[in-house]
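Below, each value reflects all heavy atoms present in this structure, side chains not excepted, and no hydrogens, waters or symmetry copies. Quick note on labels: first sequence line is chain A, next is B, and so on, each numbered from 1.
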Amino acid sequence: MSYIKPKFRHPDLPTNRIGLTEASYEGAISTLCAGCGHDSISAGIVRACWELDLPPHRVAKLSGIGCSSKSPTYFLNQAHGFNTVHGRMPSVATGANVANRDLTYFGVSGDGDSASIGMGQFAHVVRRNLNMVYVVENNGCYGLTKGQGSATQDQGSASRKGAPNPYSPIDLVGVALQLGATFVARSFSGDKEQLVPLIKAAIKHKGFALIDVVSPCVTFNNHPGSTKSYDYTRDHVETGVVMDFVPYQEEIKAKYEPGTTEEVILHDGSAIHLHKAESSYDPSDRLSAINKVQEYKDDGKILTGLIYLDPVAAEFHEMMDTSEMPFNQMGDTELCPGKECLNRINSSFQ
Amino acid sequence: MSYIKPKFRHPDLPTNRIGLTEASYEGAISTLCAGCGHDSISAGIVRACWELDLPPHRVAKLSGIGCSSKSPTYFLNQAHGFNTVHGRMPSVATGANVANRDLTYFGVSGDGDSASIGMGQFAHVVRRNLNMVYVVENNGCYGLTKGQGSATQDQGSASRKGAPNPYSPIDLVGVALQLGATFVARSFSGDKEQLVPLIKAAIKHKGFALIDVVSPCVTFNNHPGSTKSYDYTRDHVETGVVMDFVPYQEEIKAKYEPGTTEEVILHDGSAIHLHKAESSYDPSDRLSAINKVQEYKDDGKILTGLIYLDPVAAEFHEMMDTSEMPFNQMGDTELCPGKECLNRINSSFQ
Amino acid sequence: MTEIKKGMPKNVSGLNDFVVKFANVNGSGSSSANHMFAKSIFRMGIPVSARNIFPSNIQGLPTWYEVRINEKGHVGRRGDTCDLMCSVNPESMPRDVKEVSPGGYFLYDNTKPLDLRLIRDDINYIGIPLTQITNTEYKDPRQRQLFKNVIYVGAIAALIEIEFEVLVSLVSDQFKGKEKLIQPNIHALELGYNYAKDNFECPLGIRLERRDLIKDMIFVDGNTACGLGAVYGGATVCAWYPITPSTSVAEAFEKYAARLRIDPASGKKNYASIQAEDELSAMGMVIGSNWNGARAFTATSGPGVSLMNEFLGLAYFAEVPAVLIDVQRAGPSTGMPTKTQQSDVLLSAYASHGDTKHILLFPSDPKDCFDQTVAAFDIAERVQTPVIMLTDLDLGMNDWISEPLEWDEDYSYDRGKIMTAEELEAGKDFGRYLDVDGDGMTYRTYPGTHPDRGAFFTRGTSRDEYAIYTENGDIYVENMERLTKKFRSALEYTPKPVITERGTDKSYGVIHFGTTRAALDEAMDHVSEKGYEVDDLRLQSFPFHDSVLDFIESHDYVMVIEQNRDGQMRTLLVNELEVNPKKLLPILHYNGTPINATFIAENILGVVGADKVQPIHKDSA
Amino acid sequence: MTEIKKGMPKNVSGLNDFVVKFANVNGSGSSSANHMFAKSIFRMGIPVSARNIFPSNIQGLPTWYEVRINEKGHVGRRGDTCDLMCSVNPESMPRDVKEVSPGGYFLYDNTKPLDLRLIRDDINYIGIPLTQITNTEYKDPRQRQLFKNVIYVGAIAALIEIEFEVLVSLVSDQFKGKEKLIQPNIHALELGYNYAKDNFECPLGIRLERRDLIKDMIFVDGNTACGLGAVYGGATVCAWYPITPSTSVAEAFEKYAARLRIDPASGKKNYASIQAEDELSAMGMVIGSNWNGARAFTATSGPGVSLMNEFLGLAYFAEVPAVLIDVQRAGPSTGMPTKTQQSDVLLSAYASHGDTKHILLFPSDPKDCFDQTVAAFDIAERVQTPVIMLTDLDLGMNDWISEPLEWDEDYSYDRGKIMTAEELEAGKDFGRYLDVDGDGMTYRTYPGTHPDRGAFFTRGTSRDEYAIYTENGDIYVENMERLTKKFRSALEYTPKPVITERGTDKSYGVIHFGTTRAALDEAMDHVSEKGYEVDDLRLQSFPFHDSVLDFIESHDYVMVIEQNRDGQMRTLLVNELEVNPKKLLPILHYNGTPINATFIAENILGVVGADKVQPIHKDSA
Ligand SMILES: Cc1ncc(C[n+]2csc(CCOP(=O)(O)OP(=O)(O)O)c2C)c(N)n1
Ligand SMILES: Cc1ncc(C[n+]2csc(CCOP(=O)(O)OP(=O)(O)O)c2C)c(N)n1
Ligand code: SF4
Ligand code: SF4
Ligand SMILES: [Mg+2]
Ligand SMILES: [Mg+2]
């Protein structure tokens, strides 16, 4: 396609390599509550797509139902979007991806949408290693239905009325690791520094990339006693492995102690640079990642950053051995075996 | 209740403490294929209930849909049973258990029933630590619909037509551990020695007790290349921790090397004795269990036995703080607040 | 433009008969002030109703609160206009100003001058410098926002003559336990009250005067009444998943159960409210509990009912009681989740694959919600089948005046046909699906009843009278026919339709159900005033009683009024009663707002006044 | 008892007109032998049909295979009797023996003597020592079991004069690639053939004679034809979840796609068959793919449709194409999963909450399955809505003779209204829900089409013509009315009913659909023979074309024949066409077996022959 053309813009605004300003990646004005974590994540997605020079229209945005699931309206106006039904976005995203492997797929979901009603579909999209970015805007509650606890609410975390949650929570990062996810990250909506490179790496990862983002609900779950409030999260997040995303053929900016940095090359040549702190673990080792997540939890901390990465596992199209040509571009030639062939088939039924 | 009375029986048949022969615990004649692993599990349940002196009618048997889910018909004829719908037995079991906390609940499910369509409900019944025994008769395929692969089919395991499975499997033991399950075991339908004490311990465990039993499907998944065949399983199972179940106030039979045995007391006073081999791990440590399961898998082995146990965690009724009296025994007195009270409520609306 | 000051024209006038509407921003704390306004009218003994019109979002979008005052007791929506618009949301002003009836009043914040485009010369403008007052009085921005709402209530109190003491007592009730907040609120009321008194000639043409029309009536929303009904109905298990507009049913159950259902000895709960992971699970839990002999229910809305389809079929065929409260909202799909409709009728009646029919209940006010919820449990256990109550957002989430809730101390729960251990022991023949009484309803046993008798297997597959699996076609058919018979036998236990006859002319009748009632009563007054005698029948349940067919047969034409596009109840009537569809004229209102009296009256008059009867608002197929 | 030997009485007689039934144990490998039997008749140029009657289990329970031979071409079920019962399952013998028509034949394994209770004196017994023969001939128990089946086929070949060469050629076809197996199978056939020739007077009264009635017809099951239709219809994505009796639709798609849809250059697949984790997910995938411009479908049965309810509402309201093949089985709930019914009609027509209507297709034979599957994709994309094909177990899982599948080389796919990048670039106004053509059908764009035009948001909530979210009631209503209009416009694209007129008497007509066709054709012959002129109309789709109403109006009474308890299609007719239900007389057959000609004929005659018309088999409400 060659329809990209710079729009009229303020001459001073910086543009990316395809000539677009960051504003070209924005969406409609948010109708979420002022201060909602979800809006920061939308901003992070805007930034990441802009920095990666993605043509906005080559992105498809899908979501379920919830405040979080409204977010796709608030970024990438030029991308098609699909607000599906509650908890079942993964299947719709799977169908969409199978139909056209050439777009970038963003799935945005909430903790209720993914861990409560959506647990089954979440597990299965992980298993299929569907090539998509899957962002969970995790506030430990159901924002849109006014603050009931969700399945990610921590045991003991207090509701607005003060009642502690008795149930064992679902940690989507842990479950995804357990189920064989190939890119697993956790972040905090308040940490754009960390979030943007994670989103970029997730986009470039060939396969299912989960980013579970703690994204406080200012209206229903930001009180003392909640483990998903801004304050609690700020006080308890800790980055395990600092990550830089380095686009293909671009020079490396950040400098770290020699020997502490590891480079992982993604399928398109771009790279991820991992900078490990002393207490570190190996993010290419699933079991080590599982242990680290648990260890932090046991210490009352939230491990953020890129937690696990397998850059080579086969994604869904590879598993299914489908053609390079997107299905939605196939015409009668590719699709219809024709009359003669049908006659032969008729004979086989005689 | 005092309706228990010994039925007419052959005088030589041994009886348990409530005067019943093992035959009193049997069910209808199985209509499963000759040699199906599921029938061995039914036999194991019969044995375990008999040995535990459970009054058969104080058990409720629930299942989903599948060959495995037919099994409840084939044990405990005197227990009420409920064949629900595919993949949704956990919710029905939850409702049943909430209504009457005094029965013993058996859920029997298949790998398709629990890990494919039922993944969501499985995850959530684990979270709630519902007091029940949950047996997965795991054959890696859909027996009743003629052998399609299920979500527990191992990556690379061959279908009957020889195609290797490309998807990352769901290991229900791993997922349950990850989700906070309080009793997690794995066994093999061909190993009654191991299975029976596990079932007994599971019954006595106060909370959710998962037993994932490899149970080969002789008709559709018993071929070479399948990792759920009898041969493959026999060659690859290995017991991690050998377990004895010791009923309350009963003497200990088996003898082991001193120092290798640990005793865990269950809520009713019965005990589990754990006999660890040298390469052992700590089944009271969740993370250690997770690691062990994975380690075995990496070695191409299947870890069986009692994998993890937390005998003190609160079960669902405790979390919900419900009365000791079963709901289904409550009458107007317990349930109806009466006229006067309603008048006061009316006033509050004025 | 007529800016009203002292000596302003009194254009619309109405004593205890007008509509006030508040235009706010959601999340701005206006709802408690608005509620106080409505309640004060109730406490002055005047019939009133209040409707929240809110968006599907949490904060920052326009929301309205419409209060209907009518001393004749008409508390349905009057129509699409109001007499006093209290517009404090600049964003919605252009719309708001249009809704004022000619000669009506537009109250706004005149701290800044009004946009000239908002000016109509046929209405009156009441400017109150709300922002200026709050900026002067309060420092904290949150306080400024909250008290602004209280101030306009105070102003309106002066304008339409709400008794100030009534407001004071409401404030005291509201802040019981937080007494420190009482005085500031009263102060804010006074600020508004005095500003109005000082600047305008009070009262306006529309005004209140104390009456004694409320008596012992109550002012409550339908969902609260349902939740209470479940407590009184003996439900021990509520398994639910949050969804607007049904969430507050479960919340009400929890709230009252937590007060009324605590075991005195142990302090433990004689109930469980389980937030399920989704609606499939919620219905599964309800089925499991009921199977095991505890009364259990769920509350949801359209999408939830769709998800429960498979389980509803199981409960129908396996004959497990279940109570489902569907608080309907505007569909299809996610539709307009905060708007009202009656569009789950067909889905609910025939939910699930295969041949199924479900018992439906249609409450029309809070008392019905309470009574029918209680009845639902009896019916479900008696008939051993799902009972679906179809209420709606308008009834469920809005406050309605209603007769007080009543309880008959002599009543005790009908648990249906249960065979006990004693009966089994005595040798009674037990066949789970054996129709011993000839009404299609059969005995069940609770799990765990007897050591060697009475156990059976419950399943969604075909089985014989002793619950043994079978694929025998004859046995299958017999069972299916028994289910049909049982469904008919249910009529003995379900609430009957309510018929109002208005004369001897039997040319036209009206059938309606649910929340259409209030607007319909009012519309019927108009119709009668025009000299037409039209009877009406309010359905309370499905299957239909014989009197419904009698009603249809005894009128030449019957209008079926409902709040959906496709005339779903009409379909059900035609199909189940085998009546000629030509006799049933659909009147359909489905834009998401509650049906109103003007709409109904116009449509009925359009039919009865026309020479030739023509179906209205229905696309001919 | 008459043991037939040489010189036995020939009681029933029929040349190319009789029913043979095999009673086996499932999992015993009988199906390929039985299939060979049926196919040999087909190859002799004689119309034949074959029905598997199997339990919901894998091994060890009774199963039957019923073969209807009729040179007039009647291949529906004749009735509940057969002329030759080949009973090799001791467990079912008591039932089997009862099904033999008087004067018919009962073939059994006489290695052991027959239980005396199985003896009727009005039928003939043919004892063949099958076990003895196999024990002598084979060592391996599996071989003994398998060849026993081949041997009885050989014996019957002799008894009814199947040409032996035809069997030989079938064996060769079957074992193409495994040639070593050919000779042993032929040998087994010979064992049976010779035993019969030696011991009985062949042929029996029932026998075959080569005809040339088959021409270029094919013998295939409906599910295979659906799967092939999906390949030819351009489906690239099949997302499914296993469920009897639909599984073989997906299997057929996979099988043919694997042969016909491989990219020649890369060897990669131009299709994907995805086994989803459940039916909700399968339908989600179908919606996702179709949204993104690829043709996708799913196949399921009743429980799956129930689970897809929520998603069907999304597809309806968001206007996303979707093709769903529902191979119906006996409901409700799990029902009788291996038995047939037509009982998902109402569920499918109005699936999901809120006001919804879905396009339905009703194939009646394998060619219909193929053609309508192809058409379903065109219709779904043209109308941008779900299309549900209602086939059933009888059609889907049994072999039927059918006209050969045809393909018009000039036909190309109708992808519906798509706005391309070029059109957008040229400045065409794009409003996703803008009804520019007045048929209610609007343009869509595929995701990724154009950098700054044509992107839109798809959602299940209310939105305006430019796909912008709105809760405005008027816009909502306009959109809902456009959907109604669109549904009507679909009639231009859906297959029309097929009307057969049989005379000038317009007292009675019959409406039917799907698999009732074959038995109906036969029944109509009987009815005509009795001197009654009854027209019939076979529905092929919903919404109904005008000709359906014309047909009803032009007959005094119309019988609606269907395979469910509640007369679901009749409900749909009454509701959608606004006809008086009194005109429509239900004839209902729903015991899980395919409807048969005797039943239909008796019921039609019961109506047309009676003085006063009475609804049959329908409980009055
Ligand atoms: C089938 C169904 N059930 C329930 C709902 C109501 N509902 C809307 S959003 C939501 C929860 C959203 O929670 P989450 O995904 O965590 O998103 P958040 O609002 O917290 O961002 C629920 C239960 C629905 N829309 N559909
Ligand atoms: C909603 C629904 N979908 C599909 C089916 C068909 N079905 C019956 S059993 C089964 C799979 C059973 O597999 P599993 O649970 O592993 O049991 P197994 O037969 O292998 O013991 C399926 C898909 C069904 N009954 N209901
Ligand atoms: S309710 Fe919570 S999650 Fe929803 S928009 Fe407001 S802050 Fe965000
Ligand atoms: S098909 Fe497989 S799982 Fe089912 S009964 Fe037979 S062996 Fe067991
Ligand atoms: Mg949330
Ligand atoms: Mg299985």
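Under the salt bridge (charged side-chain N to carboxylate O under 4.0 Å, His left out) criterion, Glu319(C) pairs with Arg463(C), Arg482(C), Lys486(C), not counting sequence neighbours.
Here the shortest heavy-atom pairing between Glu324(B) and Lys268(C) reads OE2-CE, 4.4 Å. The heavy-atom pair separating Glu277(C) from Gln121(B) by the smallest distance is OE2-CA, 3.5 Å. Summarising the geometry of Asn292(C) relative to Ala96(B), their closest heavy-atom pair is ND2-O, 2.8 Å, with the distance given to 0.1 Å. Shortest non-hydrogen contact noted between Ser323(B) and Asn270(C) is OG-OD1, 2.5 Å. Summarising the geometry of Leu335(B) relative to Gly234(C), their closest heavy-atom pair is CD1-O, 3.7 Å, with the distance given to 0.1 Å. The shortest non-hydrogen separation linking Ala294(C) to Ala99(B) is CB-CB, 3.4 Å.
Within the 4.5 angstrom heavy-atom criterion, atoms from both the backbone and the side chain of Leu405(C) approach chain B. Neither the backbone nor the side chain of Ala239(C) has a heavy atom closer than 4.5 Å to any heavy atom of chain B. Only the side chain of Leu228(C) has a heavy atom closer than 4.5 Å to any heavy atom of chain B. For Glu340(B), the part lying under 4.5 angstrom from a heavy atom of chain C is the backbone only. Both the backbone and the side chain of Val231(C) have a heavy atom closer than 4.5 Å to some heavy atom of chain B. Interface remark: Phe42(C) contributes side-chain atoms only to the contact with chain B (heavy atom separation under 4.5 Å). Only the backbone of Tyr411(C) comes within less than 4.5 Å of a heavy atom in chain B; its side chain stays farther off. Neither the backbone nor the side chain of Arg295(C) comes within less than 4.5 Å of any heavy atom of chain B. Using a 4.5 Å cut-off between heavy atoms, Arg127(B) does not touch chain C at all. Proximity to chain C (any heavy atom under 4.5 Å) is shown, for Asp102(B), by neither the backbone nor the side chain. When heavy atoms are compared at a cutoff of 4.5 Å, Met283(C) does not approach chain B at all. Contacts of Ile274(C) with chain B are made by side-chain atoms alone, with heavy-atom separations under 4.5 Å and no backbone atom involved. Contacts between Ala93(B) and chain C at a heavy-atom distance below 4.5 Å are absent for every atom of the residue. In this structure, the portion of Leu103(B) lying under 4.5 Å from any heavy atom of chain C is its side chain and not its backbone.
Not one N or O on the side chain of Arg88(B) forms a donor-acceptor pair closer than 3.5 Å with the backbone of Ser281(C). In this structure a side-chain-to-backbone donor-acceptor pair under 3.5 Å is missing from Tyr232(C) to Cys336(B). Judged by distance alone, the side chain of Gln350(B) and the main-chain N or O of Asp216(C) form a donor-acceptor pair under 3.5 Å. Not a single donor-acceptor pair under 3.5 Å links the side chain of Tyr256(C) to the backbone N or O of Ile345(B). One N or O on the side chain of Lys339(B) and one on the backbone of Trp407(C) form a donor-acceptor pair closer than 3.5 Å.
With chain B as the partner, the residue from Phe456(C), Tyr446(C), Trp291(C), Phe219(C) showing the most heavy-atom pairs under 4.5 Å is Trp291(C). Counting heavy-atom pairs closer than 4.5 Å to chain B, the top-ranked of the candidates Val286(C), Ile214(C), Ile401(C), Leu280(C) is Leu280(C). Interface check for chain C: of the options Gly120(B), Pro72(B), Ala28(B), the most heavy-atom pairs under 4.5 Å are formed by Pro72(B). Comparing Asp173(C), Ile262(C), Leu260(C) by heavy-atom pairs within less than 4.5 Å of chain B, the highest count is held by Leu260(C). With chain B as the partner, the residue from Gly454(C), Ser266(C), Ala296(C), Ala318(C) showing the most heavy-atom pairs under 4.5 Å is Gly454(C). Among the candidates Ser412(C), Gly460(C), Ala467(C), the residue making the largest number of heavy-atom pairs closer than 4.5 Å to chain B is Ser412(C). For chain B, the option among Arg415(C), Lys269(C), Arg259(C), Arg459(C) with the highest count of heavy-atom pairs below 4.5 Å is Lys269(C). Ranked by heavy-atom pairs under 4.5 Å with chain C, the first of Thr94(B), Val85(B), Val59(B), Asn97(B) is Val85(B).
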For Tyr469(C) and Asn83(B), what are the C-alpha separation, side-chain angles and deciding distance, and is it a side-chain contact (heavy atoms from CB on, under 4.5 Å)?
-> CA-CA 11 Å; Tyr469(C) 180 82; Asn83(B) 234 171; over 6 Å; no
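Residues of residues 60-67 of chain B that come within less than 4.5 angstrom of chain C, heavy atom to heavy atom, are Ala60(B), Lys61(B), Leu62(B) in numerical order.
For the atom pair CE of Met217(C) and CG of Asn346(B), the computed distance is 12.0 Å after rounding to the nearest 0.5 Å. Between Met330(B) atom CE and Tyr271(C) atom OH the span is 12.0 Å, to the nearest 0.5 Å.
Looking at Phe82(B) and Pro447(C), their side chains never come closer than 4.5 Å, going by heavy atoms from C-beta outward. Taking 4.5 Å as the limit, some side-chain heavy atom of Phe370(C) sits within range of a side-chain heavy atom of Leu342(B).
Side-chain N/O atoms of Thr445(C) and His80(B) include a donor and acceptor closer than 3.5 Å.
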